[in-house]
Amino acid sequence: MARVDVVMPKMGESVMEGTVLEWKKAVGETVEPDETLLEISTDKVDSEVPSPAGGRLVEIIVEENDTVDVGTPIAVIETDVNAPVGGDGAPEAPPAADEPEATAVQPIAPSEAPVEEAAPPTEPPAAETVAPEPTPASQDAPAGGGTEVVMPKMGESVMEGTVLEWKKAVGDEVELDETLLEISTDKVDSEVPSPAAGTLVQILVEEGETVDVGTPIAIIGSAVAGDVQPAAPAPTAQPETPEATEADAPAPTLPVAAAPVGGDGEAGPIPRRDDDGNFYSPLVRSIAETEGISLAELQSIQGSGSDGRVSKADVMAYLDARGAAPASVPAPEAPAPTEAEPVAPTPVPVAQPEARQAPVPAAPSPPAFAPIRPAPAPAAAPSSASVGDDVEVIHMDRMRQLIAEHMTRSKATSAHVTSFAEVDVTGLVQHRNAHKAAFQQREGTKLTFTPYFLHAAIEPLRAHPMMNASVEGTEIHVKKAFHIGIAVAIGTKGLLVPVVRNAGQQNLTGLAHTVADLAERARSKKLQPDELQGGTFTVTNVGSLGSLMGTPIINQPQVAILSPGAIVKRPVVVEDPALGDIIAIRHMMYVSLSYDHRIIDGAMAASFLAAYRRSLEAIAKDSQLV
């Protein structure tokens, strides 16, 4: 009997508590996974909370209108839906005699009434009738007291996530809130903490795979590592192997080297991991076996997934590129050329071991691919085999792909123009040099140039409201608040643009703290999704990286981005009241402004840059800013 705690969720980095507004379910009612369980309210947002598991709501701990801290248990769900409804501790005595028969089937079937009816006759037929259900049925097996880990929702507009890296392996012990895996969305990369303490008994989504928000990705239970092994290979497939012996016979027509490795519980000849440690997901193995792709061919494909893993897209591209090559795969196995055709449908159950007979209708699928393969044959160029030894092929990681997509879309959306100005920041440099040591000792953070650049932009933005706007169709939306994004380089991987909220309401000291905090958490992957959204203007300090100037691309849907360059000493002509024009050594800086020419003209951009220059040059060594 598995009991799953429902806890008050964390709805943002600064949200520490929540109030229960309304329970959508009452004690005793059945709830499905991800079905709305209750509605909560925080000081940021009202939100509906989905159920973390399917079962029966057996206890409500926090009543409506009560406020509790984030992470506090607020309800308990019993995942054994066959238990009687009466009371929190539903009596188990009467059905106990029949339970041993049913428990063998319970982990395989979803939480539905038909399983209860199918279980009593005999276990094997019950398992077969349930087997055609979606594969997550076997994944939904926290019947031994486990807790499902689901793909978290990392923002209002985020609908899916990609597993980048599992920090724990099956059988490892994990503590509550210990980092379990790292995920990536189109907004942010983030570490996912464990929702419960126990043993990681099953990983349902492999690294590099993308699934919808709310999809189960792992199961944490109290089982030890030894108990995990039988669960993963889906033992229900074993009784069916005698029935499928003839269908499995042609499998050795694929590379013999794969056969010895097939003993890891998978029905097909493609191993889960090859001798070189390369991982192949169930979907990739299923396609490979269906299409007659050998292990050697899989190893030759340059993977675009995490750590170079071969994805479905890579396999499909390979199939399109190799033309009539599949015919040569069965060729070495002369003894059974006619049996090469049944090979395609037979190994399909690798992804769904329980449904060995389901793939039979899939037999026509190879002809469906056949006419497509010869045409795109020239597309073999991306394959690593088609490039020379003096060329290294590097596939973009997810962050780089997202940056490429966003930047290309921005250039296609806005009519980009860039204007420049030169600023004498000698007074700014003197002010920082005079205060940075005392500031760090007093505030515990460094005083960098970026807070100065943000602080100096506020008044020019007030005077030029169109710079703080966005274009929505034929409408211009002018923003009243100043939410300024700051571009943060993430090593050599790319950059993120966290947003300084209400920058116009913060002094230089406040901005210094905010900028330092956002930059640190951006580099350590601790940012919340809402901290990367809602910006109205962006400042990217290319000078911190040594660039003299830059022409940045607008961060959509904004209409302007400001780029201070490197501060360098140069001899310049200055006007002295007593001496007139003289040559002096000054700290000089170029500033560029890229703007959307659909609503901002050159005159407005020049006016903004002039105001920004005056704002920076007004800073003197003794200015009262910190």
Legend entry - SB check E617 R614 (cutoff 4.0 Å): no
Inset, instruction - Report yes if the side chains of I484 and L461 come closer than 4.5 Å at any heavy-atom pair, otherwise no. - result: yes
Legend entry - pair L37-V31: side-chain heavy atoms closer than 4.5 Å: yes
Legend entry - Spacing of L164 atom CG and I183 atom CD1 [to the nearest 0.5 Å]: 8.0 Å
Inset, instruction - Scan residues 550-567 for pairs that pass salt bridge (Lys or Arg N to Asp or Glu O under 4.0 Å), counting only residues two or more places apart or in two chains. - result: none
Legend entry - side chain to side chain contact (heavy atoms under 4.5 Å, CB included) partners of D517, counting only residues at least two apart: R521
Inset, instruction - May I ask you to test the N468-V478 pair for a side-chain heavy-atom distance under 4.5 Å? - result: no
Legend entry - Pairing residues for E443 by the side chain to side chain contact (heavy atoms under 4.5 Å, CB included) criterion, not counting sequence neighbours: F439, T445, T509, H513
Inset, instruction - Measure from the side-chain N and O atoms of H597 to the backbone N and O of I600, and report whether any donor-acceptor pair falls under 3.5 Å. - result: yes
Legend entry - Residues that R409 engages under salt bridge (Lys or Arg N to Asp or Glu O under 4.0 Å), provided they are two or more places apart: E405
Legend entry - Polar contact flag, side-chain donor to acceptor under 3.5 angstrom, S592-T418: no
Legend entry - Euclidean distance, E63 CD relative to I74 CD1, rounded to 0.5 Å: 11.5 Å
Inset, instruction - Determine yes or no for a side-chain-to-main-chain donor-acceptor pair under 3.5 angstrom, with Y612 supplying the side chain and E459 the backbone. - result: no
Legend entry - Sub-4.5 Å side-chain heavy-atom contact between D66 and T19: no
Legend entry - Check: Q430 and H587 side chains under 4.5 Å, non-hydrogen atoms: no
Inset, instruction - Assess whether side-chain contact (heavy atoms from CB on, under 4.5 Å) is satisfied between I476 and M466, documenting all intermediate values. - result: CA-CA 8 Å; I476 300 172; M466 297 296 282; 3.6 Å; yes
Legend entry - Straight-line distance of H464 NE2 to L609 CG, nearest 0.5 Å: 9.0 Å
Legend entry - Check: E160 and V213 side chains under 4.5 Å, non-hydrogen atoms: no
Inset, instruction - Find out whether Y318 and V310 are in side-chain contact, i.e. whether some heavy atom of one side chain is under 4.5 Å from a heavy atom of the other. - result: no
Legend entry - Residue list, salt bridge (Lys or Arg N to Asp or Glu O under 4.0 Å) with R613, at least two apart or on another chain: none
Legend entry - Straight-line distance of T450 OG1 to N541 CG, nearest 0.5 Å: 4.0 Å
Inset, instruction - For T36 and P50, indicate whether the former's side chain and the latter's backbone hold a donor-acceptor pair under 3.5 Å. - result: no
Legend entry - Backbone N/O of A404 and side chain of T408: donor-acceptor pair under 3.5 Å: yes
Inset, instruction - Before accepting this row, confirm whether a basic side-chain N of the pair E520/K526 lies closer than 4.0 Å to the acidic partner's carboxylate O. - result: no
What pairs of donor and acceptor atoms, side-chain ones from residues 548-560 against any protein atom, are under 3.5 angstrom apart with sequence neighbours left out?
residue	atom	partner	partner atom	Å
Q556	NE2	S410	OG	3.1
Q556	NE2	S414	OG	2.7
Q558	OE1	F537	N	3.4
Q558	OE1	T538	N	3.2
Q558	OE1	T538	OG1	2.6
Q558	NE2	G535	O	3.3
Q558	NE2	T538	OG1	3.4

Inset, instruction - Report the residues that fulfil salt bridge (Lys or Arg N to Asp or Glu O under 4.0 Å) with E178, sequence neighbours left out, ordered by chain and then residue number. - result: K168
Inset, instruction - Enumerate the residue pairs fulfilling salt bridge (Lys or Arg N to Asp or Glu O under 4.0 Å) with a member in residues 469-489, sequence neighbours excluded, ordered by first and then second residue. - result: none
Inset, instruction - Look only at the side chain of D601 and the backbone of M604, and say whether a donor-acceptor pair between them is shorter than 3.5 Å. - result: no
Inset, instruction - Name all residues meeting the side chain to side chain contact (heavy atoms under 4.5 Å, CB included) criterion together with A606; count only those two or more places apart in sequence or in a different chain, and write none if there are none. - result: none
Inset, instruction - Could you tell me whether the side chain of E35 and the main chain of E32 form a donor-acceptor pair under 3.5 Å? - result: yes
Legend entry - Gap separating the NZ atom of K411 from the OG1 atom of T413, nearest 0.5 angstrom: 11.5 Å
Legend entry - Verdict with reasoning, V515 to L454, per side-chain contact (heavy atoms from CB on, under 4.5 Å): CA-CA 10 Å; V515 168; L454 267 63; 4.1 Å; yes
Legend entry - Any pair counted as salt bridge (Lys or Arg N to Asp or Glu O under 4.0 Å), so long as it reaches residues 578-596, sequence neighbours left out: D424-R586, D596-R598
Legend entry - Check: N502 main-chain N/O paired with Q505 side-chain donor or acceptor under 3.5 Å: no
Legend entry - Rounded distance (nearest 0.5 Å) linking atom NE2 of H435 with atom CZ of R442: 8.5 Å
Inset, instruction - For D5, check salt bridge (Lys or Arg N to Asp or Glu O under 4.0 Å) against everything at least two apart and list the hits. - result: none
Legend entry - Backbone of V62 reached by a side-chain donor or acceptor of W23 within 3.5 Å: yes
Inset, instruction - State which residues pass ring pair (Phe, Tyr, Trp, His ring centres under 6.0 Å) with Y452; sequence neighbours excluded, sorted by chain then number. - result: H431
Legend entry - Side-chain donor/acceptor of Q440 to backbone N/O of A438, under 3.5 Å: no
Legend entry - Donor-acceptor pair, side chain of S623 and main chain of L625, under 3.5 angstrom: no
